[in-house]
Amino acid sequence: MATSPGQAARDIATAWDMHLRTLMRQGSQIIALRGAGSTGGIDAQAATHVLDNLLVPRITAITAAQPVVIMYDGDPDDTGKPDIGFIAGRLLDHFGDQIASGRVTFLTAQADNWYYPPEPGSNLVNAIGRPFDTYVFPRGQYPGDHNRFTQSDNLVGYAGYSQIYVGAAGLLAGAQMVDYCNRVPAGQPVRVTIIRAMINRALDAEIGEKLAAAVEQAKREKLEAQLAQRERHFGLHWRNDGAFDPSFREEIVRVDDTHEIVVLWKTTDEVEIANCRRIDLNSPAYDQLFASATKYVKTEPVRARQIPMGQSEEVPVKSGATTDTARGGDWVITSVSGEEYKGPSDFLEVYEPVPGMPGTYRPRFDPREMIRLEEDVIFRAPWGEDQAVSKGGYLMQRTIRSGPNAGTTERYGIAEKDAADMAPLT
C-alpha cells in the first residue's frame, strides 16, 4: 500500500514501524541495500556479475530457510544507467513471484522531494512496472530522514538486520554506514557487506558535457564535485587498485574496550565489516579449550609456488583480515577456494609433491586442533599482527615440525571457506 506524502508525519512513521515489527516477529532477514547512485552508477557487466553471482544466490539461500525483506531508498530503476535502483529492480524481477506467499517483501522509503511515482500517490515501481511497497516521508521532519526508516534504532538492534553496499557508494551511503556502525550496541555484531563494482565510465563524458555547457556557478560546482567523486573508480570505500580503503573507521566514535570494528575479505569482490571481540589465544582459557578440541586433518591437494631467494611478495592472510610478506624460500599456496596465502615455514613437511603434477602438493598426515567460532573475534597472530576471523570460522592449533621453533605449537585462525579441505580425525 502506497503511503501518500500528504499524510501526517507521525502516521507514516507509525505505519512503517508497525509493518517492520510484524516482519521481525515473523523472523525475517531484513537487508538494506545501499550503494551507487546516479553520480557513480555501475558498469553494466559489473552489475550483472553482482546480481548473478553474489546477490541472487545469497538471497535464494536465505529464502530457503526464512522470509527475506529487501529495502532501499527508492532510486529510479534506469536499465540504461545501472545503479542501486537497477540492482533493486532486478532483484524485484527475480524474486517478485514470491511476494504473494510472504517469502520475500520489497520496501522503499522515499523523501517527498524525490518521490516521482507513475501516478500521484502510487507505489514506486521498477523498470517493468512491478511495485515496491512504498512509504513517502516529508523531508526534514525526521532526524536522519532516510536513516529514521531504513536503519532505525529498531532495525539496528534487530539480529536479522544487515546492510549490503553495491558499487560506487558516495558520501551519502558512506555516512549511512558510519551512522549504522556508531549506533550498534556495544558488543553486538555489525552486519555490513560491501561489494566492489566498477563505476559506469560512460557517465564521465555525459557529466563533462553538462559542465562545459553550464553557466551558473552553483551548477558548475555541483558537476565538478561529481567528477571529483568519480575519480574513485570503485566508489568511496575502494582504492583504484581494487584494495579496500578502511579509513571510514576514523569516523566511528563508539568507545568499546572489548570489541573492534574490522574489515574481512569474504570473496575476491566483497568485504565484511565485523565487530570483533578481542581474545587472547595464549590464555589459560584457550589452553583448556584446545586441550579438548577435535583434531582435524587436511584432505585436499593444493597448488603452491616458492618465492625465489632475494625476492618478496605481499600475500593475504587466510582469513583475509591482514597481509603478510612472503620472502625468498617461503611458499605461497592457492587454497581449494582459489585464494592465495602464505604457507607455513615447514610447508614441505606438511605437504608432499604429487608425482607427475608439477606445482601440486597433497597433505601429509598433520593433525591440528580446531575450535569453531560462534562469534566474530580478533587476536594477536603468531606473525605479530592482529588477525580477525568471523563467526563460522575456526581457531587452529598446530605443532611446528622443523626450524628453530620445532616442537612448539602455534595458534591462528582460518575463515570458514578455508576449512573446506579439513576433515575431523576419527
Side-chain angles (χ1 to χ4, degrees), residues 28-37 40 42 50 54-55 58-59 61-62 68-73 84 87-88 91 107 109 144 146-147 149-197 232 234-239 242-254 256 259-277 319-321 373 375-378 388-393 415-417:
S28 301
Q29 280 287 326
I30 302 177
I31 300 171
L33 288 178
R34 304 273 190 252
I42 306 175
V50 168
L54 301 177
L55 293 183
R58 177 180 304 180
I59 296 170
I62 298 173
V68 175
V69 179
I70 298 171
M71 63 172 62
Y72 86 118
D73 292 345
I84 196 64
I87 297 295
L91 291 176
L107 296 176
H146 281 102
N147 293 0
F149 294 88
T150 57
Q151 57 188 52
S152 65
D153 288 337
N154 285 339
L155 285 171
V156 168
Y158 175 55
Y161 176 75
S162 62
Q163 298 188 343
I164 299 178
Y165 290 74
V166 181
L171 297 177
L172 175 60
Q176 285 178 313
M177 188 175 71
V178 170
D179 173 75
Y180 167 65
C181 290
N182 279 330
R183 288 197 289 121
V184 169
Q188 178 174 304
V190 170
R191 305 173 188 88
V192 175
T193 300
I194 305 178
I195 299 175
R196 180 178 59 193
R232 289 226 167 184
F234 299 98
L236 181 68
H237 298 118
W238 305 90
R239 296 196 293 265
F244 187 78
D245 181 353
S247 61
F248 76 95
R249 289 184 295 182
E250 298 172 5
E251 301 178 64
I252 297 173
V253 296
R254 296 167 62 253
D256 190 344
H259 288 70
E260 182 177 343
I261 290 182
V262 303
V263 179
L264 293 165
W265 280 98
K266 182 177 177 64
T267 70
T268 54
D269 296 308
E270 309 168 82
V271 297
E272 290 182 340
I273 310 302
N275 190 26
C276 296
R277 183 170 70 89
S319 72
L373 287 167
E375 61 179 333
D376 304 327
V377 300
I378 187 170
V389 184
S390 57
K391 178 180 176 179
E416 184 175 18
K417 65 180 182 297

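- Looking only at atom types and distance, the side chain of Asn154 has no donor-acceptor partner in the side chain of Ser152 under 3.5 Å away.
- Across all non-hydrogen atoms, the minimal contact from Val192 to Tyr180 is CG2-CE2, 3.4 Å.
- With sequence neighbours excluded, no residue forms a ring-ring contact (aromatic ring centres under 6.0 Å, His included) with Phe248.
- Tyr165 has its side chain out of reach of Ile84: every pair of non-hydrogen atoms, C-beta onward, lies at least 4.5 Å apart.
- For Arg196 (side chain) and Phe234 (main-chain N/O), no donor-acceptor pair under 3.5 Å exists by modelled atom type.
- Nearest heavy-atom pair, Ala36 versus Gly167, reported as atom, atom and distance to 0.1 Å: CB-C, 4.2 Å.
- No donor-acceptor contact under 3.5 angstrom links the side chains of Gln188 and Asn275, judged on distance only.
- Of the possible donor and acceptor atoms, one in the side chain of Arg191 sits under 3.5 Å from a partner among the backbone N and O of Ala159.
- Just one residue in the list Arg34, Met177, Glu272 forms a side-chain contact (heavy atoms from CB on, under 4.5 Å) with Ile194, and that residue is Met177.
- Heavy atoms only, all atoms of each residue included: Val184 and Pro189 are closest at CG1-O, 3.8 Å.
- Side chains of Gln151 and Gln163: a donor-acceptor N/O pair is present below 3.5 angstrom, by distance only.
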Leu264 and Val271: CA distance, side-chain angles, deciding distance, side-chain contact (heavy atoms from CB on, under 4.5 Å) verdict:
CA-CA 5 Å; Leu264 293 165; Val271 297; over 6 Å; no

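- Exactly one of Ile261, Ile252, Val156, Val262 qualifies for a side-chain contact (heavy atoms from CB on, under 4.5 Å) with Val190. That residue is Ile261.
- Between Ile164 and Arg58, the shortest heavy-atom contact is CD1-NH1, 3.6 Å.
- Under the 3.5 Å distance criterion, the side-chain polar atoms of Asp245 are left unmatched by any main-chain donor or acceptor of His237.
- Side-chain atoms of Arg232 come within 3.5 Å of backbone atoms of Leu236 as a donor-acceptor pair (strictly under, hydrogens ignored).
- Ring geometry, Trp265 versus Trp238: the interplanar angle falls from 30° to 60°, so the pair is classed tilted.
- Nearest heavy-atom pair, Ala173 versus Gly35, reported as atom, atom and distance to 0.1 Å: CB-N, 4.2 Å.
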